[in-house]
Amino acid sequence: MSGPILAIESSCDDSCAAVLGGDGVVLSNIISSQGIHNRYGGVVPEIAARQHLQLLTPAIEAALSQAQVTLADLDRVAVTQGPGLIGALLVGVAQAKAIAAARGLPLVAVDHLQGHVAANFIGLEPFEPPFICLIASGGHTLLARVEDHSSYLLLGETLDDAAGEAFDKGARMLGLPFPGGPALQALAADGDDESFQFPVARNVEGCNFSFAGVKTSLLYAIRDLGEEEAEARRADLAASYQKAIVDALVERLTKALDASGLDRVAIGGGVAANGLLRSRITALGAVCHIPEISLCTDNAAMIASAARYLDDCSPQQALTLDAYPSGTRR
Ligand code: KG4
Ligand code: ZN
């Protein structure tokens with residue numbers, strides 16, 4: 001068995017560092033959320049990058065000390081290379097390169113989405129491929145067929161907004177704070193999800209998703225109700241809106257499962273923290289793996305988990321490693 005991996009994740013607005021033991025067990029998983037973005041109603045990329053400059057070093061120190069290891073005990077250093085906000089990613093990549101170079105440690109570059117998939121491999125009882133994986137976050141929504149520990153086959157993705165983005169934008173329309181997903185879920189708990197019929201995009205091809213329509217129909221519903229009535233029915237609006245998004249995710253997941261002939265499902269990404277989605281997936285009847293919430297939202301333990309199954313960069317690559325804002329691993 002190899003030694004511990006230190007991982008850094010800074011693709012968006014969470015400054016994350018974690019140490020994963022060589023056996024895949026989480027020794028520490030530090031997530032410093034940059035609360036500062038709440039006041040702007042969304043993540044401001046330049047502010048996120050500057051916040052990482054302040055928060056990443058303390059997060060790394062906390063991850064090492066909580067795991068009771070020092071840099072001398074590490075086997076490898078892993079970092080999210082992309083996709084994400086380029087300035088934010090570059091801060092993490094620079095930190096990881098510096099630690100690896102200074103300590104003579106191998107560096108592993110990890111794709112953020114592969115990280116969300118690999119959250120399912122954490123722990124002493126990892127969920128083994130093959131399975132269908134739904135990744136739904138603020139920036140991505142995709143369905144993947146996972147056949148091994150180091151890659152996935154893309155079955156479908158969103159053609160417009162991500163599911164988390166739909167939650168965030170809907171929450172904003174309902175006067176809820178950013179990030180909107182958890183707040184909208186809480187408001188929905190007091191509402192009737194049959195009150196409004198928001199559309200589920202079924203005319204998109206294959207296993208792709210579209211969330212632009214549901215967002216627009218919430219906007220129109222609020223406008224048609226008028227200010228006072230919309231305020232009185234916020235919980236019903238939230239419950240119906242949440243149901244439409246979850247229906248869309250579960251329908252496509254079911255379609256992907258049927259087409260694949262597999263009966264194993266895993267999920268990841270911030271939206272996988274949603275209670276309704278979690279219970280609907282559990283109820284599918286397939287063998288399912290639902291990581292704990294702190295491993296669904298952005299975290300560095302999932303990056304370390306992905307790194308366990310990836311090759312190190314060559315010494316030359318480690319020195320010249322660059323981040324990428326979109327697309328997949330290079
Ligand atoms: O994976 P993640 O932490 O960051 C990205 O890579 O984007 O996902 C963040 C997204 C946000 O859009 C947030 O509103 C959503 O996940 N989210 C939720 C819940 N918790 C977080 N959406 C619905 N219900 C939740 N409980
Ligand atoms: Zn993410």
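Atoms considered below: every heavy atom in the structure, side chains included; atoms not considered: hydrogens, waters and symmetry mates. Indexing begins at 1, ligand by ligand and atom by atom, following the structure's order.
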Rounded to the nearest 10 degrees, what's the angle NE2 of H112 makes with OD1 of D298 at the Zn ion (ligand 2)? Could you check?
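NE2 of H112, the Zn ion (ligand 2) and OD1 of D298 span an angle of about 90°.
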
Please check: side-chain N/O of [X] versus main-chain N/O of [Y], any donor-acceptor pairing under 3.5 Å?
X: N208; Y: E157; answer: yes
X: E165; Y: A162; answer: yes
X: H52; Y: C12; answer: yes
X: D263; Y: G261; answer: no
X: Q185; Y: G275; answer: yes

Under 4.0 Å to a heavy atom of [X] - the qualifying atoms of ligand 1, by number:
X: P182; value: 19 (C), 20 (N), 21 (C), 25 (C), 26 (N)
X: Q185; value: 24 (N), 25 (C), 26 (N)
X: V271; value: 16 (O), 18 (C), 22 (N)
X: A273; value: 20 (N), 26 (N)
X: F167; value: 22 (N), 23 (C)

Can you confirm, on distance only, whether ligand 1 has an N/O atom lying under 3.5 Å from any N/O atom belonging to [X]?
X: G164; result: yes
X: G270; result: yes
X: G269; result: no

Knowing that exactly one of D160, L159, V200 qualifies, which makes a side chain to side chain contact (heavy atoms under 4.5 Å, CB included) with F211?
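Going through D160, L159, V200 one by one, the side chain to side chain contact (heavy atoms under 4.5 Å, CB included) with F211 is satisfied by D160 alone.
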
Return the orientation label for the F121 and Y309 ring planes: parallel under 30°, perpendicular over 60°, tilted otherwise.
perpendicular

Parallel, tilted or perpendicular: rings of Y241 and F167 (30°, 60°)
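Answer is perpendicular, since the angle exceeds 60°.
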
Any N/O/S atom, backbone or side chain, of H140 lying under 2.8 Å from the Zn ion (ligand 2)?
no

Counting only heavy atoms closer than 4.0 Å, does ligand 1 sit against the backbone of T297, its side chain, both, or neither?
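Within the 4.0 Å criterion, T297 contacts ligand 1 through backbone and side-chain atoms alike.
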
Heavy-atom distances under 4.0 Å decide this one: backbone, side chain, both or neither, for H116 against ligand 1?
side chain

Is the positively charged end of R145 above the ring of Y152, judged by distance under 6.0 angstrom from the centroid and angle within 45° of the axis?
no

Using every non-hydrogen atom in the two residues, find where A286 and V265 come nearest and quote the distance to one decimal.
CB-CG2, 3.8 Å

What is the closest protein heavy atom to [atom], and at what distance does it sit?
atom: atom 13 (C) of ligand 1; result: D168 OD1, 3.7 Å
atom: atom 24 (N) of ligand 1; result: N274 ND2, 3.0 Å
atom: atom 22 (N) of ligand 1; result: G181 CA, 3.4 Å
atom: atom 5 (C) of ligand 1; result: D298 OD2, 3.3 Å
atom: atom 7 (O) of ligand 1; result: G138 N, 2.8 Å

Is there a heavy atom in G139 that sits closer than 4.0 Å to ligand 1?
yes

Less than 4.0 Å is my threshold; does some heavy atom of H112 fall inside it relative to ligand 1?
yes

Just checking, any donor-acceptor pair under 3.5 angstrom between side chains of S151 and D148?
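S151 vs D148: donor-acceptor pair found between side chains.
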
Should the pair K255-E251 be classified as a salt bridge under the 4.0 Å nitrogen-to-oxygen rule?
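Salt bridge absent between K255 and E251.
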
